[in-house]
Participant: 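Dropping a structure here in structure tokens format, bear with me for questions.
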Amino acid sequence: MLTINLIREQASSVIERLKIKNFDATEIVGNVLDLDRRRRELQTESDSIQAELNSLSREIGSMMKEGRKDEAEAARRGIGAMKDKQKQLADTLEEVTRKMQDELVRLPNLPHTLVTPGRSAEENVVVRSGGVVPELHAGAVPHWDLIKKYDIIDFDLGIKITGAGFPVYKGKGARLQRALINFFLDEGEKAGYREIEPPIVVNEDSGFGTGQLPDKEGQMYHVGIDNLYMIPTAEVPITNIYRDVILDAAELPVRNMGYTPCFRREAGSWGAHVRGLNRLHQFDKVEIVQIAHPDRSYDSLEEMVSHVESLLVKLELPYRIVRLCGGDMSFTSAMTYDFEVWSAAQQRWLEVSSTSNFEAFQANRLKCRFREKGAKQTTLCHTLNGSALALPRIVAALLENNQTPEGIKMPAILVPYTGFALIS
RNA sequence: GGAGAAAUGGCAGAGUGGUCGAUUGCGGCGGUCUUGAAAACCGUUGUCCGGGCGACUGGACCGGGGGUUCGAAUCCCUCUUUCUCCGCCA
């Protein structure tokens with residue numbers, strides 16, 4: 001959510017910058033400004049009547065104390081009309097404030113000035129790439145065939161137990177999951193992230209704090225009986241640690257990470273290109289989260305990008321890093337880097353990480369602030385997060401790119417974690 | 001799941017209808033003293049929204065929401081959470 005101050009002070013620049021995201025904000029900004037003006041007028045009026053009521057009540061109090069009962073009674077009778085007026089003003093104020101909030105949450109975050117315009121993923125900017133695209137042997141197949149051949153991931157069993165999109169990992173397949181999770185967490189710890197094991201269901205306040213609610217309600221599994229949501233990413237619980245928190249500037253940046261399963265309903269997104277591990281309802285992911293000082297949040301973003309990149313290098317996967325164009329960015333992001341690995345058997349890039357700076361957009365909802373030493377005022381923090389990494393497509397790429405007639409070779413870095421060098 | 005008790009500022013803990021945003025202690029910050037530190041003493045110390053160039057000033061908040069009243073931290077309703085006892089249990 002953008003701050004009202006920003007809109008009040010820089011309305012035209014807000015509208016201009018949102019055009020990069022192909023969003024016409026003219027009408028909403030106009031409504032917000034009107035409602036804001038209205039809100040402040042109402043508050044001024046309401047406050048002054050309330051002040052008068054408060055002072056009258058105090059007078060009545062002292063009259064009672066001094067035993068001037070008749071005077072008190074008279075004053076009491078005169079107050080009714082003023083009370084009604086105040087009640088009405090307060091109600092209107094509440095309604096106008098709520099309307100303004102409703103408008104405000106419809107505005108996407110402003111893209112950073114480096115973000116280029118564009119309509120779709122084709123217009124994303126490739127920042128750099130690395131790794132070597134492998135030459136596959138004749139008869140190489142996509143991962144959905146490999147997992148059957150070696151009996152390491154079973155979709156049919158998942159369908160039996162739960163439903164489509166809930167795979168069962170078996171034997172070396174399960175061991176590979178655990179190996180990757182441990183590898184990612186160990187690397188994260190070396191990079192200065194504190195490990196968190198959060199709850200994987202969250203309440204409504206948390207869903208609102210990171211922006212999943214109310215908009216993306218349908219994307220989350222909802223446990224109706226207790227009104228809890230299954231997390232779509234560890235970003236939700238880990239970022240919400242800092243909801244309603246005021247940090248010291250010296251603590252920034254805060255670096256946390258966590259492994260969790262992630263649950264996504266992915267309503268309506270099934271079809272071609274989502275076969276096998278490419279899109280699931282439940283998957284594993286290690287997420288890194290930073291809370292940063294606004295002046296240094298882009299340093300944090302670069303640091304996170306380097307960290308994610310180092311993981312792909314160590315896993316010896318061919319990858320590229322793209323900076324999303326305005327049209328491909330999420331509602332909440334100010335700048336996003338996507339990481340894609342080359343899937344040799346599918347002959348396409350698979351997105352394995354999305355690393356973003358949300359600036360103060362999320363922090364404003366979360367009320368996550370910091371205070372400079374000695375300062376009276378608080379300022380909104382910047383929040384950032386990135387996948388480091390999501391497992392399924394990494395597994396898909398590892399299986400496909402490393403397949404040989406003898407079996408699937410594990411990258412050297414993983415062998416101590418898996419306990420085997422070959423899936424055969 | 002059953003019965004009872006409770007929820008107040010960073011923490012501890014007063015306050016049961018009338019200048020209470022809230023006594024006090026601890027912690028934090030600033031100062032005096034000291035070569036420095038400690039101790040002692042003095043001062044200061046919540047958040048949010050308005051008005052004002054500013055000095056300053058109005059309002060809200062005592063777990064959340066609603067109600068009674070001229071007036072609510074204090075009374076009533078409701079939800080949530082915590083604690084104690086019983087039951088169950090990885």
Side-chain angles (χ1 to χ4, degrees), chain A residues 1-9 32-105 197-209 213 223-229 237 240-252 254 261 360 363-381:
Chain A
M1 188 165 68
L2 296 175
T3 62
I4 181 64
N5 286 339
L6 180 74
I7 294 169
R8 209 185 283 155
E9 286 156 23
V32 167
L33 289 175
D34 284 346
L35 289 162
D36 180 48
R37 211 172 296 121
R38 189 83 200 292
R39 180 187 125 248
R40 285 145 73 201
E41 283 165 10
L42 282 164
Q43 191 181 335
T44 305
E45 199 179 345
S46 158
D47 280 1
S48 74
I49 294 180
Q50 186 62 55
E52 207 173 328
L53 281 167
N54 287 346
S55 92
L56 281 172
S57 289
R58 252 173 266 137
E59 278 176 40
I60 292 174
S62 52
M63 285 177 198
M64 301 287 260
K65 238 182 210 167
E66 292 163 21
R68 294 183 283 158
K69 283 231 163 73
D70 295 346
E71 284 178 64
E73 195 56 35
R76 188 138 57 110
R77 253 176 268 124
I79 259 171
M82 208 191 287
K83 260 189 88 178
D84 292 346
K85 179 89 191 286
Q86 156 61 15
K87 172 94 174 105
Q88 192 198 329
L89 279 168
D91 288 349
T92 317
L93 174 61
E94 200 183 312
E95 191 193 327
V96 168
T97 305
R98 188 181 46 75
K99 276 187 185 158
M100 189 183 81
Q101 287 300 93
D102 289 350
E103 289 292 306
L104 221 41
V105 297
E197 185 178 308
I200 59 173
V201 290
V202 296
N203 59 28
E204 260 181 292
D205 285 345
S206 293
F208 179 82
L213 294 175
V223 185
I225 193 167
D226 291 312
N227 195 26
L228 296 172
Y229 294 87
N240 269 284
I241 292 173
Y242 298 92
R243 169 153 53 85
D244 290 320
V245 166
I246 299 173
L247 294 153
D248 288 333
E251 298 176 69
L252 303 174
V254 175
N364 190 32
R365 283 186 162 217
L366 290 161
K367 296 197 173 42
C368 171
R369 294 155 290 170
F370 72 96
R371 200 194 320 265
E372 301 282 1
K373 191 175 163 58
K376 189 114 182 100
Q377 266 203 321
T378 60
T379 312
L380 290 172
C381 298

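These numbers come from a predicted model, not from an experiment. So you know, we letter chains A, B, ... as the sequences are listed, proteins then strands, and number each from 1.
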Participant: Given atom CG of A:Asp36 and atom P of B:G51, what is their separation to the nearest angstrom?
Facilitator: 9 Å

Participant: Over all strands shown, is A:Arg39 touching base, sugar-phosphate only, or nothing at heavy-atom distances under 4.0 angstrom?
Facilitator: sugar-phosphate

Participant: What is the pairing partner of B:C11, taking Watson-Crick or G-U wobble pairs with both distances under 3.5 Å in any strand?
Facilitator: B:G25

Participant: Count the heavy atoms of every other residue, nucleotide or ligand shown that sit under 6.0 Å from CD of A:Gln88, and state whether that count exceeds 12.
Facilitator: no

Participant: Does A:Ala51 reach a base, just sugar-phosphate, or nothing at all? Heavy atoms under 4.0 Å.
Facilitator: sugar-phosphate

Participant: Round to the nearest Å and state the distance from A:Asn54 atom CG to B:C20 atom P.
Facilitator: 14 Å

Participant: Please check the phosphate of B:G71 (OP1 and OP2 only) for any side-chain N or O of A:Lys83 closer than 4.0 Å.
Facilitator: yes

Participant: Is A:Glu73 salt-bridged to A:Arg76, going by a charged N under 4.0 Å from an acidic O?
Facilitator: yes

Participant: Expressed in angstrom and rounded to an integer, what is the separation of A:Arg77 atom CZ from B:G71 atom P?
Facilitator: 15 Å

Participant: For A:Ala75 and for A:Thr44, locate the closest nucleotide of RNA chain B by heavy-atom distance; then report the residue assigned to the nucleotide nearer the 5' terminus.
Facilitator: A:Thr44

Participant: May I ask you to evaluate whether A:Arg40 reaches the phosphate of B:G51, defined as a side-chain N or O under 4.0 Å from OP1 or OP2?
Facilitator: yes

Participant: Could you check whether A:Thr378 gets within reach of a base, just the sugar-phosphate, or nothing at all, counting any heavy atom under 4.0 Å?
Facilitator: sugar-phosphate

Participant: Can you tell me if A:Ser206 and A:Asn203 form a side-chain donor-acceptor pair at under 3.5 Å?
Facilitator: yes

Participant: Tell me what A:Arg38 touches on the nucleic acid: a base, only sugar-phosphate, or nothing, going by heavy atoms under 4.0 Å.
Facilitator: nothing

Participant: Using Watson-Crick or G-U wobble geometry with both distances below 3.5 Å, tell me the partner of B:U68, or none.
Facilitator: none

Participant: Let's test this: given Watson-Crick or G-U wobble pairing with both distances under 3.5 Å, identify the partner of B:G63.
Facilitator: B:C79

Participant: Using Watson-Crick or G-U wobble geometry with both distances below 3.5 Å, tell me the partner of B:G1, or none.
Facilitator: B:C86

Participant: Check every strand shown and say whether A:Ile60 touches a base, only sugar-phosphate, or nothing at a heavy-atom separation below 4.0 Å.
Facilitator: base

Participant: Can you see whether A:Gln43 engages A:Asp47 through a side-chain donor-acceptor pair at a distance of less than 3.5 angstrom?
Facilitator: yes

Participant: Contact class for A:Gln50 (heavy atom, under 4.0 Å): base, sugar-phosphate, or nothing?
Facilitator: sugar-phosphate

Participant: Using only side-chain N and O atoms of A:Arg369, determine if any of them is under 4.0 Å from OP1 or OP2 of B:C48.
Facilitator: yes

Participant: Looking at B:A40, which nucleotide sits across from it as a Watson-Crick or G-U wobble partner, both distances under 3.5 angstrom, or is there none?
Facilitator: B:U32

Participant: For B:G58, give the paired nucleotide (Watson-Crick: N1-N3 plus N6-O4 or O6-N4; G-U: N1-O2 and O6-N3; both under 3.5 Å), or none.
Facilitator: B:C49

Participant: Tell me yes or no: between the side chains of A:Asn54 and A:Gln50, is some donor less than 3.5 Å from an acceptor?
Facilitator: yes

Participant: Specify the residue among A:Glu52 and A:Ile246 whose closest nucleotide of RNA chain B lies further upstream toward the 5′ end.
Facilitator: A:Ile246

